[in-house]
Amino acid sequence: MFLEGITNAKYVDAFKKIITDVLLFDLFMTIIYLIFTYDSSHWSGEGKDDDDTLAKKAGNRFYYSTMISTTLGMGPISPTSFTAKFITT
């Protein structure tokens with residue numbers, strides 16, 4: 001079967017490293033977005049009610065950084081200010 005070699009330890013370790021690296025990058029970008037684009041006016045798709053607490057802001061920024069880093073596209077949230085667009089690019 002073609003799945004026979006998938007359980008090989010080196011592939012599992014490589015997969016774990018990739019997932020860890022992506023999550024660390026997403027957490028780093030979440031912090032950067034929180035510092036430089038704290039206000040919801042930097043983003044379209046987020047209203048003041050959806051972005052009124054630090055937990056919601058962190059969740060929204062983490063969601064956005066995950067969408068960008070996994071190349072799934074921007075989703076319903078996209079940058080509108082120069083600062084947010086500059087950080088994203």
Taking all non-hydrogen atoms of both residues into account, name the closest pair between [X] and [Y] and its distance.
| X | Y | answer |
| --- | --- | --- |
| Ile87 | Met29 | CG2-CE, 3.7 Å |
| Thr80 | Ser41 | OG1-O, 3.1 Å |
| Thr30 | Ser65 | OG1-OG, 3.4 Å |
| Arg61 | Thr37 | NH2-O, 3.0 Å |
| Asp26 | Ser69 | OD1-OG, 2.6 Å |

Linking I/L/V/M/F/W/Y whenever their side-chain heavy atoms sit closer than 4.5 Å, directly or via other members, would [X] and [Y] fall into one cluster?
| X | Y | answer |
| --- | --- | --- |
| Tyr33 | Phe25 | yes |
| Leu34 | Trp43 | no |
| Tyr64 | Ile31 | yes |
| Phe28 | Val22 | no |

Worksheet item: Should Lys17 and Asp21 count as an ion pair when the cut-off is N to O under 4.0 Å?
Response: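 Yes, Lys17 and Asp21 are salt-bridged.
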Discussion item. What I'd like to find out is whether the side chain of Tyr38 reaches to under 4.5 Å of the side chain of Leu54, using heavy atoms alone.
Written reply: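 Side-chain contact under 4.5 Å: yes.
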Item to complete: Would you give the length of the straight line joining atom CG of Asp51 to atom NZ of Lys56, rounded to the nearest 0.5 angstrom?
Response: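 Reported to 0.5 Å precision, the distance equals 8.5 Å.
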Worksheet entry | Gap between atom CG of Leu27 and atom OG1 of Thr66 - 0.5 Å precision |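 Spacing of OG1 (Thr66) from CG (Leu27) equals 8.0 Å.
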